[in-house]
Each structure stands twice: as structure tokens, then as C-alpha cells.
Amino acid sequence: MSDVSELFGGLFTDADGIVLFSPSSSYYQTFTDLEDLDVIVAAPDNEHGADRFVELPLAFEDVADQLTFAIEGALDDDIVEEGDELICGAKLFSDDDIDTVARVRASAGENSGIYDLFTQSRAEPSVIRAVFEVAIELGQKGQKGKPVGALFVVGDAGKVMNKSRPLSYNPFEKSHVHVGDPIVTVMLKEFSRLDGAFVISDAGKIVSAYRYLEPAAEGVDIPKGLGARHMAAGAITRDTNATAIVLSESDGLVRAFKGGELILEIDPENY
Ligand SMILES: Nc1ncnc2c1ncn2[C@@H]1O[C@H](COP(=O)(O)OP(=O)(O)OP(=O)(O)O)[C@@H](O)[C@H]1O
Ligand SMILES: [Mn+2]
């Protein structure tokens, strides 16, 4: 008769490393005396001072997104090697304790782009993250209780301006405000009722609101069923080096596009 740990034991044989997602301090401590396996922590902050650490820019609610982000980040930082077999411990249902184990092979060939979205965009990672936060907040609350859509084009702003035209006067014309400033969050929410896109510079300066994007759309392949806003978002990221973050008025999801492709889809209600 086999017992459960023997049956599942195969999951752990010949592993090269362990990835713990936001472990508690005591949980992390129990792993530090492991001799032959590297322990990697993936979390919003390196609160335990782990030597091998991947910073999560968002609390990805989808465990697959979390794992993919951490593994692409660990490969990029040379914390793990191509082909490494990793045991990942994550919190699927629990907020407190790791309750789920997955065995994943690190493979650079299957790059989803989710790590590069934050780290290899023209815009600074903190800017990408701040725009996500505004889009998520807007998705949770809507505008005066009604669902609202919004399109943020981040980075490579000069080129984006050349591939777009104004729909109305630009309320940010003479201002020097940046995403992340609390007042800007209020302004972005207010202006999101109106048409068009926000254009944001690499450093996070709001360059313009109300831009109608006119990128070339050839070769852009976005999922069927998404409309003009999403098509424009995808296309502008193929035509320029910008990243686009879109809140859909119709399904309430936040989506990110880069290089003409949909990279990440998240539901604000889960944050
Ligand atoms: N090329 C564009 N540039 C900037 N904004 C655009 C562009 N095309 C559409 N939009 C904006 O998107 C809004 C919604 O358009 P549409 O419904 O076709 O898009 P969608 O992709 O279905 O988005 P949603 O899911 O929010 O409905 C328009 O009212 C307009 O404000
Ligand atoms: Mn629509």
C-alpha cells in the first residue's frame, strides 16, 4: 500500500529549486535549512531578506500569472537556469498560508511577455504599475457608480502623439503632473468619462488626454469580440514602443498590450 506522500512524492524528485510566493516569516524560515535546493521568494517586498528574490509588481490574482511572472523574472535575473525544474508553493485559496504546490519547468522559449511588460517597457516599471493601479481602481468603482472604459498609452509618447490626433482641448497641455500623484488619479478618473486615450511619457508625465489613435492596424491580432478601443490599443503598441493598458467598459476587465499582442488580462474585482 502506498501512502499519499509516496504517490505525490514524484512531484518533488530531481527538482532544482523552490519558489515560495509571499511566504510568512515562519514558513520561509523552515525552508532556509534545506541543503540541496535553492529557495526563491516571489513577493511584493523582500521582507525576509531572501538572497534569491523576484519582486511582484501586482498581486496577480491568477496563480498561473504569478508563477509565469516569477519564473520569467528568475530566468531573466539568472536566479534559475533554462530547463530547471521548480517546485512552486502559492496561495490559491488561502490568504495566510501556502496551500498549493505546482511543479513547473523554467523555459525561456515559452516567454509569455508578462515579466517584460513591467521590466522591458520603454516606460519605467513604477509608471506601468501606477497606471495599472489607476485602471484597476477605476474598474472597481466606475465613474459615479457606472462602468467606465479607459485607454492609457504609456511610453514612447512623442511617436504616439504623431500617430494620433486631438478630439478636444488637452487639459494637461500646460501641466507637469505625473501618474501616481493623488491629484492625478482624481483627474484621470474624471476625464475617463470622455472619449479617446491618455498619453503618458516614459517617466510618467501625463502628456495628453482625448487623443484619437490612428495607428496602422496591419498584423495586429487581438482576440475576436474586442472592439475599437482594444484594437487601437493593440495597434499603437505594434506601431510604436508604447505599452497600452485598457479598461473595458463592457466587460470590466483590464488588459495590457505590448508589441501588438494581448499580454495580460485581469479582473479588478479580484484586487
Ligand atoms: N482609435 C481610438 N483611439 C482612441 N479611443 C478610441 C479609439 N477607438 C475607440 N476609442 C474609444 O473607445 C470607446 C469605445 O469604443 P468600442 O466600444 O468600439 O471599444 P471596445 O474595444 O468595445 O471597448 P469597451 O470594451 O470599453 O466597449 C469609444 O467611445 C472611444 O472613446
Ligand atoms: Mn464596446
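Remember, it's 1-based here, ligands and their atoms both numbered in the order they're listed. Worth knowing before you read on, the calculation uses all heavy atoms, side chains too, and leaves out hydrogens, waters and symmetry mates.
Taking any N or O of L247, backbone or side chain, none lies under 3.5 Å from an N or O belonging to ligand 1. Considering backbone and side-chain N/O of L213, one or more are found under 3.5 Å from N/O of ligand 1. Annotation: G196 places an N or O atom under 3.5 Å from an N or O atom of ligand 1; distance criterion only.
Note that CG of D116 and CD1 of I263 are 8.5 Å apart. Values are rounded to the nearest 0.5 Å.
For F31, the side-chain contact (heavy atoms from CB on, under 4.5 Å) test picks out I18, L20, Y27, L34, V39, with sequence neighbours left out. Residues passing the side-chain contact (heavy atoms from CB on, under 4.5 Å) test with E133 are R129, sequence neighbours excluded.
For the residue pair S94 and D96, no side-chain donor N or O sits within less than 3.5 Å of a side-chain acceptor on the partner.
Contact annotation: for A232 versus ligand 1, heavy atoms closer than 4.0 Å belong to the side chain alone. When heavy-atom distances to ligand 1 are checked against a 4.0 Å cut-off, E214 has no atom that comes that close, whether in backbone or side chain.
Atom 17 (O) of ligand 1 lies below 4.0 Å from none of the non-hydrogen atoms of the protein.
The closest donor-acceptor contact from the side chain of S121 to the backbone of A123 lies at 3.5 Å or more, if one exists at all. Between the side chain of E82 and the backbone N or O of A108, at least one donor-acceptor pair lies under 3.5 Å.
Annotation: atom 25 (O) of ligand 1 to nearest protein heavy atom, S248 OG, 2.5 Å. Scanning the protein for heavy atoms near atom 7 (C) of ligand 1, the closest one is Y212 CE1, 3.9 Å.
Under the 4.5 Å side-chain criterion, counting only non-hydrogen atoms from C-beta, M187 is not in contact with P171.
We find that E249 and R229 are joined by a salt bridge, their nearest charged nitrogen and carboxylate oxygen being less than 4.0 Å apart. By the 4.0 Å N-to-carboxylate-O rule, E85 lies close enough to R105 to be salt-bridged with it.
For the pair M231 and ligand 1, no heavy-atom separation below 4.0 Å is found.
Residue nearest to atom 30 (C) of ligand 1, selected from L226, L194, D195: D195 (by heavy-atom distance). The option from S250, G227, S164 that lies nearest to atom 20 (P) of ligand 1, judged by heavy atoms, is G227. By heavy-atom distance, the residue among E249, R211, R229 lying nearest atom 11 (C) of ligand 1 is R229. In the candidate list H230, K163, R165, R193, H230 is nearest to atom 21 (O) of ligand 1, counting heavy atoms.
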